[in-house]
Amino acid sequence: MPTTPAPASTTSASSKKSDSTANWWRISAVTGQMRHRLAGRSALRSRLMAKAPVLTPQADDFPRWYQDVVAKAELADNGPVRGTMVIRPYGYALWERMQAEVDQRIKAAGAQNAYFPLFIPESYLTREAEHVEGFSPELAVVTVAGGKELEEPIVVRPTSETVIGEFMAKWTQSYRDLPLLLNQWANVVRWELRPRVFLRTSEFLWQEGHTAHTTQADAAEYARKIAHEVYEDFMVNVLALPVVVGYKTARERFPGAINTITCEAMMGDGKALQNGTSHELGQNFARAFGIEYLDDGGVQQTAWTTSWGVSTRMVGGLIMGHGDDAGLKVPPRLAPIQCVVLAVRDDDAVVDRCRALAAELREADVRVELDVRVEVSMGRRATDWELKGVPLRLELGPRDLADESVMMVRRISGTKSAVPLSGITGTVGDALEQQQSELLQGASERRESRTIDCSSIDEVIEAASTGWARIGWEALGKQEGEARLAESAISVRCLNRPDGSLPVAEDEAELVAICARAY
RNA sequence: CGGGGAGUGGCGCAGCUUGGCAGCGCGCCUGCUUUGGGAGCAGGAGGCCGGGGGUUCAAAUCCCCCCUCCCCGACCA
């Protein structure tokens, strides 16, 4: 049924009445035949023709829905230079929460924060052949500064392996200096041909970890530790996004790495998003930058390095992984605003009680927002918080006040119920945790139901039109099969063991390839 | 770079075929009435119609050149 937004002139006061809570705006779709039948029954008619949807429905046009969410939830704007973005306060609050959670886990994994420069001598990039080849098309290079032509061009960092390698070499003399575990929060620049806010912009924010170890085994173990204990743990337990942790194929891995571990998540349209990566760099960068040390026998050795990162792309993953036609759905553990307290009416007693309620929740460490903008209509405010994906709304009006209760609306499940004001902090805490698990469960179920076991390339292509395909790496035909899938814009997202776990080596027998279209 | 679209108040669009006062919806401002799911009414503010050249009494509209943006591919966190 085509969606026909009704002209505003046909709406009336009664249009705000609705018997459906979560999906009332969908009622705007009315066929010509229905309109004809309804002519004259004005109350019903105006109710059915209520309002145009707030967002383009996902089913109509998913990319458009995504852009609508970014705009209406006030997450970001496009910057003046093509491919750049302005992250607005609410979008940045989401990122800050991601940073806080990831940073805590990085530190628990033993790494320390530091900062390296934005500008990198061009000659550094060229020291590692695969690295420079992989990045040169995306580099922004400064050739003029201070009013004159530079003797050596300066590259705006696309990633910092090279500068950090240079300094790791300087700081590493003895095996006692290793492992060297560093991380930095920074912006990086990779000139993009087809930018999309949060998913692919020419400048983005990220965290890049860089470590050096005495043995290959130590480096490998650390790269896996980061993938599981930092990234997977954060994505599953905070973002509520189930991820498959696997190895990238040679075609998809980081330039200069000997292997890449990826965390792949399924988006609402069945496409895949690489949400974070952890690389073993072997001795490629250590050799290029001279990261060497004397071992306990006094012999000069070359170190083994890793690097790993997650970026503001995860905000895109959050939007597309959980959002629905009403907007964003933010998992409670991540949410910068977990609960909003709304005064339903312009009434001093109501407003005062709302303030007290918000204070009580804040006291109990709930991240709470008070909304007493009584000059703005109730429906409008409800819609706005829904767009922003705030997990819980507590709506308090005179009727609730009278029987010492409050209307609790859950964004994740879409349910609404009156709960007693006494013991509200416990009720809210329970509801938040419950919604956290519901969100993860919903995302997991969607991924399961949209992942299909395949045994031929044709089946993979079919499956990838709606979700993910699983096929034996051998059965796919390894690199040859991968190249054939590429012709249909399908990639091997990662290689896993048949039980879905991360292999120990990339050349294990019986690996399974997860294939999908990707962002 | 190849293929397809579009540039008109902050956002979304109509107007162009057939030249003739620059419009509509949302948003914004003021006032009143409202307030339990995007409020109503009244009154306002806001535009080098992407840029340059041409045709014409007259160009958003017709002609030529240029620029930009969006969508689909190759690259990518």
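Throughout, a chain's letter reflects where its sequence line sits, starting with A, and its residues are numbered from 1.
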Contiguous Watson-Crick or G-U pair runs (3 or more, under 3.5 Å) in RNA chain B: B:1-7 with B:67-73, B:10-13 with B:23-26, B:28-33 with B:39-44, B:50-54 with B:62-66

Which whole-number value in Å describes the distance from [X] [atom1] to [N] [atom2]?
| X | N | atom1 | atom2 | answer |
| --- | --- | --- | --- | --- |
| A/Asp371 | B/G37 | CG | C1' | 14 Å |
| A/Asp68 | B/C26 | CG | P | 18 Å |
| A/Arg64 | B/G12 | CZ | C1' | 8 Å |
| A/Asp77 | B/C69 | CG | P | 16 Å |
| A/Asp384 | B/G38 | CG | C1' | 8 Å |
| A/Arg380 | B/G40 | CZ | P | 11 Å |
| A/Glu375 | B/C29 | CD | P | 11 Å |
| A/Leu342 | B/U35 | CG | C1' | 13 Å |

Separation between the [atom1] atoms of [N] and [M], rounded to whole Å:
| N | M | atom1 | result |
| --- | --- | --- | --- |
| B/G38 | B/C75 | P | 48 Å |
| B/A74 | B/U68 | P | 24 Å |
| B/C76 | B/C67 | C1' | 27 Å |
| B/G53 | B/C11 | C1' | 32 Å |
| B/C29 | B/G46 | C1' | 10 Å |
| B/C64 | B/U17 | P | 15 Å |
| B/A6 | B/G47 | P | 27 Å |
| B/G12 | B/U55 | C1' | 34 Å |

In chain order, what residues pass the salt bridge (Lys or Arg N to Asp or Glu O under 4.0 Å) check against [X], with sequence neighbours excluded?
| X | value |
| --- | --- |
| A/Asp324 | A/Lys329, A/Arg411 |
| A/Arg517 | none |
| A/Glu229 | A/Lys225 |
| A/Glu506 | A/Arg253 |

Check: A/His131 ring centre within less than 6.0 Å of A/Phe285 ring centre: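 Here the rings of A/Phe285 and A/His131 have centres that are less than 6.0 Å from each other.
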
Partner residues of A/Thr415 under the side chain to side chain donor-acceptor pair (under 3.5 Å) criterion, sequence neighbours left out: A/Ser413

Contacts of A/Ser160 that satisfy side chain to side chain donor-acceptor pair (under 3.5 Å) - sequence neighbours left out: A/Gln184, A/Glu208

At 4.0 Å (heavy atoms only), tell me whether [X] reaches a base, stays on the sugar-phosphate, or touches nothing.
| X | result |
| --- | --- |
| A/Arg373 | nothing |
| A/Val374 | base |
| A/Val189 | nothing |
| A/Glu395 | base |

Test log, rule side chain to side chain contact (heavy atoms under 4.5 Å, CB included), inputs A/Val156 and A/Leu118: CA-CA 6 Å; A/Val156 181; A/Leu118 172 68; 3.6 Å; yes

Where at least one partner belongs to residues 64-88 of chain A, residue pairs that pass ring pair (Phe, Tyr, Trp, His ring centres under 6.0 Å), sequence neighbours excluded: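 Matches after skipping sequence neighbours: A/Phe62-A/Trp65.
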
4.5 Å side-chain heavy-atom contact, A/Leu328 and A/Leu75: yes

Under 3.5 Å: donor-acceptor pair, side chain of A/Thr201, backbone of A/Phe198: no

Any donor-acceptor N/O pair under 3.5 Å between B/G36 base and A/Arg381 side chain: no

Presence of donor-acceptor pair under 3.5 Å, side chain of A/Lys416 and base of B/G36: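 There is none.
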
Return the polar atom pairs (N/O with N/O) between nucleotides 71-77 of chain B and the protein under 3.5 Å, or none.
unit_1	atom_1	unit_2	atom_2	d
B/C72	OP2	A/Arg194	NH2	2.1
B/C76	O2'	A/Glu192	OE2	3.4
B/C76	N3	A/Arg200	NH1	3.4
B/A77	O3'	A/Gln274	NE2	2.0
B/A77	N6	A/Thr201	N	2.9
B/A77	N6	A/Thr201	O	2.7
B/A77	N3	A/Ser311	OG	3.0

Inter- and intrachain pairs under salt bridge (charged side-chain N to carboxylate O under 4.0 Å, His left out), touching residues 345-357 of chain A, at least two apart: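 Every pair satisfying salt bridge (charged side-chain N to carboxylate O under 4.0 Å, His left out) with a residue in residues 345-357 of chain A: there are none.
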
Atom CH2 of A/Trp191 with >12 non-hydrogen neighbours under 6.0 angstrom: no

Atom CZ of A/Arg196: over 12 foreign heavy atoms under 6.0 Å: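 Result for CZ/A/Arg196: enclosed.
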
Tabulate atom names and distances for all N/O pairs under 3.5 angstrom spanning the protein and nucleotides 4-7 of chain B.
none

Plane angle bin for A/His279 and A/Phe254 - parallel if under 30°, tilted between 30 and 60°, otherwise perpendicular: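 Correct class here is parallel.
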
Atom pairs, N/O to N/O, protein against nucleotides 30-33 of chain B, distance under 3.5 Å?
none

Sole candidate of A/Thr312, A/Asn187, A/Thr84 that passes side chain to side chain donor-acceptor pair (under 3.5 Å) when paired with A/Glu203: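 Testing A/Glu203 for a side chain to side chain donor-acceptor pair (under 3.5 Å) against A/Thr312, A/Asn187, A/Thr84 leaves exactly one candidate, A/Asn187.
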
